[in-house]
Amino acid sequence: QVQLVESGGGSVQPGDSLRLSCSASGGTLSGYAMGWFRQIPGKEREYVAGFSRTGGYTYYGDSVKGRFTISADNDKKTVYLQMNNLKPEDAAIYYCAAGRRVITSEIRRHRAYDSWGQGTQVTVSS
């Protein structure tokens, strides 16, 4: 099972950009579905973006389409989340997740993933 560590969070103003990184150790990312989720206190974890297990498909949450882009560097075992035109409602703790048994119909369900990072805080305010 891979271990995940997120980085890149911070405090920005509306309209700014951030790039989050998720570094994996303990194994290759091959065969894992990868996902970025976010959570604010008292709410369910929300799907942001991710890759299918084959890496051939990318998925985005409706609220971030056109603004966020997920990418990966397999050599560095790192997944990135480029976030542009950030809005106050994007503020949350962002988590990286990996799952070896995630099927397409469950790609957006946080309970389908079995490895999680510790999270990185993103704050968006003027």
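Worth saying up front: this structure is predicted, and the values here are computed from it rather than measured. Computed from heavy atoms alone, side chains included, the values below leave out hydrogens, waters and symmetry copies.
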Practice problem: Tell me whether the centres of the aromatic rings in Phe37 and Tyr113 are closer together than 6.0 Å. | Solution: yes
Exercise. For Thr78 and Ser23, work out which heavy atoms get closest and say how close.
Key: OG1-OG, 3.6 Å
Quiz item: Distance from Ser30 atom OG to Lys77 atom NZ, nearest 0.5 Å?
Solution: 11.5 Å
Practice problem: Find out whether Val124 and Met83 are in side-chain contact, i.e. whether some heavy atom of one side chain is under 4.5 Å from a heavy atom of the other. | Solution: no
Practice problem: Could you tell me whether Glu44 and Arg111 have a side-chain N and a carboxylate O separated by less than 4.0 Å? | Solution: yes
Self-check item: Separation of Asp16 CG from Lys87 NZ (nearest 0.5 Å)
Solution: 14.0 Å
Quiz prompt | Shared hydrophobic cluster, Leu4 / Tyr32 (ILVMFWY, side-chain heavy atoms < 4.5 Å) | solution = yes
Quiz item: Within the side chain of Ser52, is there an N or O that forms a donor-acceptor pair under 3.5 Å with the backbone of Tyr57?
Solution: yes
Quiz prompt | Single-linkage hydrophobic cluster, 4.5 Å side-chain cutoff, Leu20 and Val2 together | solution = yes
Quiz prompt | Short side-chain to backbone donor-acceptor contact, Glu6 and Cys22, under 3.5 Å | solution = no
Quiz prompt | Interatomic distance, Ser71 atom OG to Phe51 atom CZ [nearest 0.5 angstrom] | solution = 6.0 Å
Exercise. State the CZ-CD distance between Arg101 and Glu106, to the nearest 0.5 angstrom.
Key: 11.0 Å
Quiz prompt | Closest approach of Ser17 to Val12 (non-hydrogen atoms, all atoms of both residues) | solution = O-CG1, 4.4 Å
Self-check item: Interatomic distance, Gln118 atom CD to Ile93 atom CD1 [nearest 0.5 angstrom]
Solution: 10.0 Å
Practice problem: Return yes if some donor-acceptor pair links the side-chain N/O of Arg67 with the main-chain N/O of Asn85 below 3.5 Å, else return no. | Solution: yes
Quiz item: Which heavy atom of Val79 sits nearest a heavy atom of Met34, and at what distance?
Solution: CG2-CE, 3.9 Å
Quiz prompt | Minimum heavy-atom distance Val102-Ala33, with the two atoms named | solution = CB-CB, 3.7 Å
Practice problem: Supply the atom-to-atom distance Tyr47 OH to Asp62 CG, rounded to the nearest 0.5 angstrom. | Solution: 11.5 Å
Practice problem: State plainly whether one hydrophobic cluster holds both Leu18 and Leu81, where clusters connect Ile, Leu, Val, Met, Phe, Trp and Tyr through side-chain heavy atoms under 4.5 angstrom apart. | Solution: yes
Quiz item: Shortest non-hydrogen contact from Gly99 to Arg53?
Solution: O-CG, 4.0 Å
Self-check item: Flag side-chain contact, heavy atom, 4.5 Å: Ser63 against Arg38
Solution: yes
Quiz item: Do you reckon Ile107 sits in the same ILVMFWY cluster as Tyr94, going by side-chain contacts under 4.5 Å, direct or chained?
Solution: no
Quiz item: Within the distance-only criterion (no hydrogens, no angle test), does the side chain of Tyr60 pair as donor or acceptor with the backbone N or O of Ile70 below 3.5 angstrom?
Solution: yes
Quiz item: Are Tyr59 and Trp116 grouped together when hydrophobic residues (ILVMFWY) are joined by side-chain heavy atoms under 4.5 angstrom apart?
Solution: yes
Exercise. Answer yes or no: is there a donor N or O on one side and an acceptor on the other, between the side chain of Gln39 and the main chain of Tyr95, under 3.5 Å?
Key: no
